[in-house]
Amino acid sequence: MSVPVLEMKKISKSFYGTQVLKDIDLRVNAGEIHCLVGENGAGKSTLMNILFGMSVITDTGGYEGDLLVNGDHVAFDSPKAAIGAGIGMVHQEFMLLPGFTVTENIKLNRESTKPNLFSRVLGKKLETLDRKQMAADAKAALDKLGMNIEEWVTVAGLPVGYLQFVEIAREIDKQNLQLLVLDEPTAVLTESEAEQFLDVVRRLAKSGISILFITHRLDEVMAVADAITILKDGELVQSGPTQEFTIAQIAELMVGRKVDTSARLGAEQAREGKKKVLEIRDLRVDMPGERLRGIDLDVYEGEILGIGGLAGHGKIALANGIMGLYPSRGQVRYEGTEVPLNNPRKALDLGLAFVSEDRRGVGLVLEDSIANNIVLTSMQTQDKFLKPGPLKLKDQKQITAHALESIKRFDIRCTGPDQIVRRLSGGNQQKVCLARAFTQNPRLFFVSEPTRGIDVGAKSRVLELIVELNRMGVTVVITSSELAELRSISDRIAIIYEGRLSGILPPDAPDVEYGLLMAGKSLEEVEIGERPSK
Amino acid sequence: MKDRVSKVYHGFGLPRLIISAFLLTLIIVAAGTELSVPGLLSDALVRIGQNGIYVLAMVPSIQAGAGLNFGLPLGVIAGMVGVLVSMENSLLGLGGFAVALLVAIPLGVVAGYLYSLLLNRVAGQEMMVGTYVGFSIVAGMCIFWLMAPFKNPALIWPVGGQGLRVTLTLADTFGGTLNNFLNVKLFGLTIPTGLLLFYALLAFLLWLFLRSKPGVAMEVVGRNPRFAVASGLNINAYRSVGITLSTVLAAVGYVVYAQSFGFAQLYNGPLMTAFPAVAAVLIGGASTREAKVRHAVIGVVLFQTLLTVAMPVTNQLIEGNISEIARVIVSNGMILYALTRVTGGEQA
């Protein structure tokens, strides 16, 4: 058996006592396409950061385990060292200079030069660029990819799909490249571009370069991978040649987790005969990084609707669009009346409330007191907490009384209603956000990522509070990256994939179905248990 | 008891305690020289009332998120036109003062609103832009003063008959009207009751406004615009309210200043008006992000008393006239100190 190009043995890493990777083994053989799959937060990025000696790793106490390249022990202390050892990476975000030509981008900082009069006297730094040689190199690299781009055009004018190829051309132009890491390279490509891209990947592998391919698209995995490694919650779930897996199995292994769904079972039936409170038609939201590209969805009275999906696919944009915080188009009807888009005030006036995923940026006035944070929105939109009279002075007594009551009800740990919100822990800040939304007496309540960045104890309390609000007759739309959390409190869960609705599932649907929907496969399309054809 | 002392201490803040202690030392030193302490304090009271409204003008601008209003000269010039219109018609006493205000306030509203439209386009750099708006408007108005259609011989150059003089006296019209209203003499101390009452009235009105629904909305817009949007507030509208209010206060402030000072200084007179006001509100405990009426009041009392007492005392103690230099160092140093601090309010 040949020596693998890359071998990772028992890699573990923890950040400030939280274990994010545990005993990960990974083997990439020469000329192999190895796919690394897992949900957001499964540990893929951390693993790649370790491979590249990124400062986030070295600054936080390094890692445990062994890293072998071509059978030799290595420990990279900077990305430069990793590149020197023949490892290249194409990032999710393009790292190209828009105003430079394709050639200049490919050869950046590795330009071919030829000596001139000054450089002979003053040293190598002053040598002239050998543009002919550079152009020839660039052309050769692009040809290797089978790409027909002129090497002299500036990057700024190229279509998005081509940028990816320029990045790869830059990597393969490095003479010693033996392993290329592709981090979700097809996320920004259209289907035909993605297909072209996969061809290029196969071609590269044939030429002897090993590929470590990170992706969420399972059909791509089946199409190109020689071997697959699945991570979940920082642990290695399974690793092996592609023939051993089906799409359904991968999906199940990625998502699978013990989930307590008992709380809401049967609610699906109870929905029968309930009226629609919110009808969403072709909603498009232009939220950077979370674009929603046209979605139709109905929300029924009194239910808890979960919105799930992977990061970057647009699930966050749904609530933000309806509440008017990001430019949107489409039609939203609330109890039969049109909700004007791009107008937060109108949405609030209709009785909609929103707890944002960006707690510190949008959800709170950090420099203000707990009491003010709780009452501000209601005061401004509903004229509550004001003394009677034409001056509309704020009623401090009433505000303090309400704040004290909320602190007790929401179990906010603080020194008193006058404490500045910045000084509270994440969990308590979130409770303040919820208290603000409850104070608005909403009839339809949107909450995004309610448990992000808060401790376990506060987590369950926050979820309890949301269910409590729902029992009082409020319809809830909860968006979360944590599927387990959605499944524990929702009646139905809508999965968003690439800005569109992928499907709606009951909370007790099997893991495999969730995995498939999150990977953009409709349930009809894939017969569960189907063997891959390769 | 201990808690209350600690609460008062934290509310007041260490920098202000130090300045107060320094001030007390100066007054004790002054008592040891041939200076008249009641005289000094009387002067201080006049200057507090005279400058107080400028300092109040900083509060709405900071609360609306536009930072310190370095464009104060804009409002000052609106006030100046008000004073000139009143003088042109030779109106005397309280009537003259009232007419000056009636002209100054609408002008302040218009100028302030236009200024706010500009600042809303340069959000994040209001203080820098404001400084140059102030400088530019002063320069631009120099031309206006020369061409303005004022006819009263008391205002225009004696020779040639066109263009306003550099310094005008208000002694014959409404100079000192407020200062002398209900004037009280106590232990050699002269208290300008009318002036201080007028200042107190404005401070109270501003305090009321900040506690009202639009005042609270303005504060939210200033503190976290994104939260404000999510609460359905129109950010630019409330920023405009704050900046306009600040400009109007500056206009009123000038009318009060002029009647107390007794002179109106045109041309480059208003060039630096913003700086002592900025220094005062910062000394009072405000930051570029948070200011309360309390900060403006404490600030103007400390800053102006310090200046009035420190100058003659240093002159007594040190040979040569160093006091003006000391004043410039103290006031600009304070601005520098405060601008470098991001935190404010409780931590200042």
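Chain letters run A, B, ... following the sequence lines, proteins first and then strands; every chain starts at 1.
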Within residues 354-365 of chain A, which positions have a heavy-atom distance to chain B below 4.5 Å? A:D358, A:R360, A:G361, A:V362, A:G363, A:L364, A:V365
Are there over 12 heavy-atom neighbours, none belonging to A:R281, within less than 6.0 Å of that residue's CZ? yes
Heavy atom to heavy atom, less than 4.5 Å: which residues from residues 200-211 of chain B reach chain A? B:L208, B:R211
Closest-packed option against chain B by number of heavy-atom pairs under 4.5 Å, given A:N372, A:L348, A:N373: A:L348
Out of A:N320, A:L386, A:D349, A:D368, return the one with the most heavy atom pairs under 4.5 angstrom to chain B. A:D368
Does A:K346 NZ have over 12 foreign heavy atoms under 6.0 Å away? no
Is it the side chain or the backbone of A:M323 that comes within 4.5 Å of chain B heavy atoms, both, or neither? neither
What are the residues of residues 214-231 of chain B, in order of number, with any heavy atom under 4.5 angstrom from a heavy atom of chain A? B:V216, B:A217, B:E219, B:V220, B:R223, B:N224, B:R226, B:F227, B:V229, B:A230, B:S231
Across all chains, not counting sequence neighbours, the salt bridge (charged side-chain N to carboxylate O under 4.0 Å, His left out) partners of A:R436 are none
Taking every heavy atom of A:P344 against every heavy atom of B:G232, the minimum-distance pair comes out as CB-CA, 4.1 Å
Just give me the residue among A:L366, A:N343, A:L325 that pairs up with chain B most often, heavy atom to heavy atom, under 4.5 Å. A:L325
Out of curiosity, B:S212 OG to A:M379 CE, how far, rounded to the nearest 0.5 Å? 9.5 Å
